[in-house]
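Below, read A as the first sequence line, B as the second, and so on, with proteins coming before strands; counting in each chain starts at 1.
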2 protein chains.
Amino acid sequence: MKTISENRAFGGVQGVYSHASEACGCDMTFGLFLPREAEDGPVPLLWYLSGLTCTHENAMTKAGAQAWAAEHGIALVFPDTSPRGEGVADDPAYDLGQGAGFYVNATQAPWASHFRMWDYVAEELPRVLFHGFELDEERQAITGHSMGGHGALTLAMSYPGRYRSVSAFAPIAHPTASDWGRKQLSAYLGEDEAAWAAHDATLLVKERGFDGPMLIDQGSSDQFIDLLQPEALISAIATRRQPAQLRMQKGYDHSYFFVASFMEEHVAFHADALYG
Amino acid sequence: MKTISENRAFGGVQGVYSHASEACGCDMTFGLFLPREAEDGPVPLLWYLSGLTCTHENAMTKAGAQAWAAEHGIALVFPDTSPRGEGVADDPAYDLGQGAGFYVNATQAPWASHFRMWDYVAEELPRVLFHGFELDEERQAITGHSMGGHGALTLAMSYPGRYRSVSAFAPIAHPTASDWGRKQLSAYLGEDEAAWAAHDATLLVKERGFDGPMLIDQGSSDQFIDLLQPEALISAIATRRQPAQLRMQKGYDHSYFFVASFMEEHVAFHADALYG
């Protein structure tokens, strides 16, 4: 593992590291905020999965999460959103290929050789983190924005007992029925829609739900709301009686200003679960 | 005035606006955060002046100031750091020309026709702001980072009674004696160093001081500390017995992670003065 940078922040350290990833077949970069408490022993870890076009860096510099993580003594990890590099397949569109991994393991050419973000975030990066840093594997929570909210919800429901709580900012909520989803799931997983169901938060809520607290914020003025389809997820949650807080935030759009505005409450929500 | 963007943020609005500037002879862009309270009437205004290479955008997205400004009902303005555009002089170096206005009125060619950031920040932008938005001209405070800390300190001491409080993050503290200063003051103001003294915070503290509270944070691991020369300013403050809080923050560098880490305390410091 290589240290790209380390900056003192909020009494802790905001680091950026890279490592050779077996899952993705390329070097992968991630941001990790360690609060002061990590000097004394393992601390809880909140995963933050980012949206389309983002790298590890966007949320790390724009979401304002470190202030609240420091307050609660929680670490934050900011993974990249896809494999990257010259040998890695890409597409001219912003919503496919590099920067748009969708947190799945691709099975189709030309994506299958590198685009294994599910394994990366669920298996490989945890090994790197819990081996290399003072992090408590028994206390994890997960959140994300847009495509990252989709990743957070699908991972949380697929690994029962691993994440104590899940939240999302304006998640892609029903990708099997949206242009933010059908295009990518088809490219990465093929035309058989049966393989897509494991990557649709709405379908997963219907099928199994999440055994812990769930918090979802959505801006009412989100310019992408028709692609996100929060109404499908909310309906599934209501039908299942899944414990959840669903908040339609008046006037907010899809930007990091929206994410930052509610970050304090999301981190506090996860802190309740992580220290409960 | 043209609205570039408006995003709901922390219950208020983060806007970006541009206008034809007479002082700078070009279009100028600024960011303005208005808290929810501005819907009901004029609110206090905290100026944030940015450092070398920055536009209006860096601090607006990376300093995490809106969270605290919203808490205190304070507006934030983020001016650009120089005139810009095709007809505006520039230099290949990052620390001269566009992105490096140093908050002075240039008198020397080729800078004199556009580089009038002192007049812009002290005279023209205030007129634009107090005419166009619900801001209380009687309640202003000022802060800044690096070159912007230099701007904040020199403006505050040059307009007694205008700013109720002044703070700075790692300011260029003694530019007449530093390579971050001599080069630029010479280029913009000419070789007669007598003209430089009005733009040196250390010399201004010696000459007149500031009639209000002053807060300065400096990272002990700042990679530019030899250029900033905080020791000169601290010495001048001590000699004058200027009321001030000076904090050498262990392990912090020059980045926005440093700025963000202490933003809560800076905004609270200014709120005390603005509501006092």
Side-chain angles (χ1 to χ4, degrees), chain A residues 4-16 31-36 39 54 57-71 76 78 169-170 217-223 225 247-268, chain B residues 4-16 31-36 39 54 57-71 76 78 169-170 217-223 225 247-268:
Chain A
I4 308 292
S5 62
E6 289 185 328
N7 298 88
R8 171 85 33 202
F10 295 95
V13 177
Q14 177 60 61
V16 176
L32 178 68
F33 172 72
L34 287 177
R36 188 193 314 264
E39 293 169 18
C54 290
E57 194 178 22
N58 303 64
M60 192 183 95
T61 58
K62 294 165 73 176
Q66 293 90 346
W68 315 114
E71 187 175 307
L76 299 166
F78 304 96
F169 301 86
D217 273 320
Q218 171 63 53
S220 72
S221 299
D222 191 316
Q223 60 270 47
I225 199 163
R247 311 190 304 185
M248 187 62 69
Q249 301 286 7
K250 185 177 173 185
Y252 285 85
D253 58 32
H254 201 66
S255 69
Y256 273 102
F257 294 115
F258 158 67
V259 174
S261 294
F262 299 101
M263 186 56 76
E264 177 179 12
E265 292 166 13
H266 281 244
V267 175
Chain B
I4 307 291
S5 62
E6 289 184 329
N7 299 87
R8 172 93 23 210
F10 295 95
V13 178
Q14 177 61 61
V16 176
L32 178 68
F33 172 72
L34 288 177
R36 188 194 315 263
E39 293 168 16
C54 290
E57 195 177 21
N58 304 62
M60 192 183 96
T61 58
K62 294 165 73 176
Q66 293 91 345
W68 316 114
E71 187 175 308
L76 299 166
F78 304 96
F169 301 86
D217 273 319
Q218 171 64 54
S220 72
S221 300
D222 191 316
Q223 60 270 49
I225 199 163
R247 311 190 304 186
M248 187 63 69
Q249 301 285 7
K250 186 178 172 184
Y252 285 86
D253 58 32
H254 201 66
S255 69
Y256 273 102
F257 293 114
F258 158 67
V259 174
S261 294
F262 299 102
M263 186 56 77
E264 177 179 13
E265 292 167 12
H266 281 244
V267 175

CD-OG distance between B/Glu6 and A/Ser221, expressed to the nearest 0.5 angstrom: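 These two atoms lie 12.0 Å from each other.
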From CZ (B/Phe10) to CZ (A/Phe262), nearest 0.5 Å: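 Result: 9.0 Å between the selected atoms.
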Minimum heavy-atom distance B/Phe257-A/Met60, with the two atoms named: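 Looking at all heavy atoms of both residues, the closest pair is CE2-O, 3.6 Å.
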Side chain / backbone / both / neither for A/Thr61 at chain B, heavy atoms under 4.5 Å: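 Both parts, heavy atoms under 4.5 Å.
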Which portion of A/Gln249 sits near chain B, non-hydrogen atoms under 4.5 angstrom: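 When you check distances to chain B, no heavy atom of A/Gln249 falls under 4.5 Å.
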Shorter than 4.5 Å, heavy atoms on both sides: which option in A/Ala9, A/Ala67, A/Ser255 has the most such pairs with chain B?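 Maximum pair count with chain B is reached by A/Ala9.
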Below 4.5 Å, heavy-atom pairs only: which of A/Ala70, A/Gly64, A/Gly251 has the largest tally toward chain B?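 Greatest number of close heavy-atom pairs with chain B: A/Gly251.
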Check: A/Gly11 main-chain N/O paired with B/Tyr252 side-chain donor or acceptor under 3.5 Å: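 Present.
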Among all residues two or more places apart in sequence or in another chain, which pass the side-chain contact (heavy atoms from CB on, under 4.5 Å) test with B/Asn58?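 side-chain contact (heavy atoms from CB on, under 4.5 Å) list for B/Asn58, sorted by chain: B/Cys54, B/Thr55, B/Tyr256.
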Given that the side chain runs from C-beta out, which part of B/Met263 has a heavy atom under 4.5 Å from chain A: side chain, backbone, both or neither?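 When you check distances to chain A, no heavy atom of B/Met263 falls under 4.5 Å.
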Scan residues 256-267 of chain B for pairs that pass salt bridge (Lys or Arg N to Asp or Glu O under 4.0 Å), counting only residues two or more places apart or in two chains.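 Every salt bridge (Lys or Arg N to Asp or Glu O under 4.0 Å) pair that includes a residue of residues 256-267 of chain B, provided the two are not neighbours, is B/Arg247-B/Glu265.
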